[in-house]
Amino acid sequence: MAAPARSKTAPATPADAAPTFTITELAQEFDITPRAIRFYEDVGLLEPARAGRNRVYTHRDRTRLKLTLRGKRLGLSLQEVKQLVDMYESGSDERPQLEAFLVVLGDHRRQLEQQLEDIQVTLAEIEQHEARCRSLIGAIKVPAKAPAKTTAAKPSARARAAKAPARSAG
């Protein structure tokens, strides 16, 4: 991933010295659409400040977006991601957070293992059907083809007229 994009606007006061990001900068950095970022905002994963009509994302928002995208890559639901990100930010003891994360990961692992087993069963069934089809195809006798009839093309009216003897008037 690229280094964080930094807003080109200078902070107004030293208290505002933390970098901020626009929706476009975050979208480009994480290779997602601004619409996806707005969706994450709608479900409560991001809470940008506003400067007029523009969204202003903080380092916290950028981190939450990064964690959200990681969770998605792991196959977690947005609800699970939100729960974990909220725990991460609670500032309480890390142990319960890590234990909760282990539970979520364990559940997800079991789900993926079941899906993998289901896929393997389906692939074995497909393999059996393919073998049966090949066997049936091999058992079908191909009838010998009769020689094709060759038919001469019918001459056009102009060609017939050219070959016909000339009539005498008389």
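Because the structure is a prediction, the values reported are computed rather than measured. No hydrogens, no waters, no symmetry mates; every other heavy atom, side chains included, goes into these values.
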> With a 4.5 Å limit on heavy-atom distance, are the side chains of Leu65 and Leu69 in contact?
Replying inline: yes

> Listed by chain and number, what are the salt bridge (Lys or Arg N to Asp or Glu O under 4.0 Å) partners of Glu113, not counting sequence neighbours?
Replying inline: Arg109

>> Counting C-beta onward and ignoring hydrogens, is there a side-chain heavy-atom pair between Thr20 and Arg62 closer than 4.5 Å?
In response: no

>> Would the distance check show the side chain of Thr63 and the main-chain N or O of His59 forming a donor-acceptor pair, the cut-off being under 3.5 Å?
In response: yes

>> If the condition is side-chain hydrogen bond (donor to acceptor under 3.5 Å, both in side chains), which residues does Ser77 pass it with, not counting sequence neighbours?
In response: Glu80

Tabulate below the donor-acceptor pairs under 3.5 Å that side-chain atoms of residues 30-37 make, not counting sequence neighbours, or state none.
from	atom 1	to	atom 2	distance (Å)
Thr33	OG1	Ala36	N	3.0

Please list every donor-acceptor pair under 3.5 Å in which a side-chain atom of residues 38-48 meets a protein atom from a residue at least two apart or in another chain.
from	atom 1	to	atom 2	distance (Å)
Tyr40	OH	Lys72	NZ	3.4
Glu41	OE1	Arg55	NE	2.6
Glu41	OE1	Tyr57	OH	3.3
Glu41	OE2	Arg55	NE	3.4

>> For the CG atom of Leu136 and the CD1 atom of Ile140, what is their distance to the nearest 0.5 Å?
In response: 7.0 Å

>> Using the side-chain hydrogen bond (donor to acceptor under 3.5 Å, both in side chains) criterion, which residues pair with Glu99? Sequence neighbours excluded.
In response: Arg95

> Can a salt bridge be assigned to the pair Asp61 and Lys66 using a cut-off of 4.0 Å between side-chain N and carboxylate O?
Replying inline: no

> Got a sec, which residues hit side chain to side chain contact (heavy atoms under 4.5 Å, CB included) with Ile126, two or more places apart in sequence or on another chain?
Replying inline: Thr122, Glu130

>> If the condition is salt bridge (Lys or Arg N to Asp or Glu O under 4.0 Å), which residues does Arg132 pass it with, not counting sequence neighbours?
In response: none

> For Leu123, what are the other residues in its hydrophobic cluster, where any two members join if their side-chain heavy atoms are less than 4.5 angstrom apart?
Replying inline: Ile119

> Mind checking whether Leu67 and Phe101 sit in one hydrophobic cluster, side chains of I, L, V, M, F, W, Y counted as touching below 4.5 Å?
Replying inline: yes

> Taking only residues two or more places apart in sequence or in another chain, which ones pass side-chain hydrogen bond (donor to acceptor under 3.5 Å, both in side chains) with Gln114?
Replying inline: Asp118

>> Using 0.5 Å steps for rounding, measure from the CG atom of Leu84 to the CG atom of Leu98.
In response: 10.5 Å

> Do Leu74 and Val104 belong to the same hydrophobic cluster, where Ile, Leu, Val, Met, Phe, Trp and Tyr are linked whenever their side-chain heavy atoms lie under 4.5 Å apart, directly or via other members?
Replying inline: yes

>> Under the rule for side chain to side chain contact (heavy atoms under 4.5 Å, CB included), what residues qualify as partners of Gln28, not counting sequence neighbours?
In response: Thr24

> So, for Arg50 and Arg53, which heavy atoms are closest and what is the spacing to 0.1 Å?
Replying inline: NH1-O, 3.6 Å

>> List the residues meeting side-chain hydrogen bond (donor to acceptor under 3.5 Å, both in side chains) with Asn54, not counting sequence neighbours, and say none if there are none.
In response: none

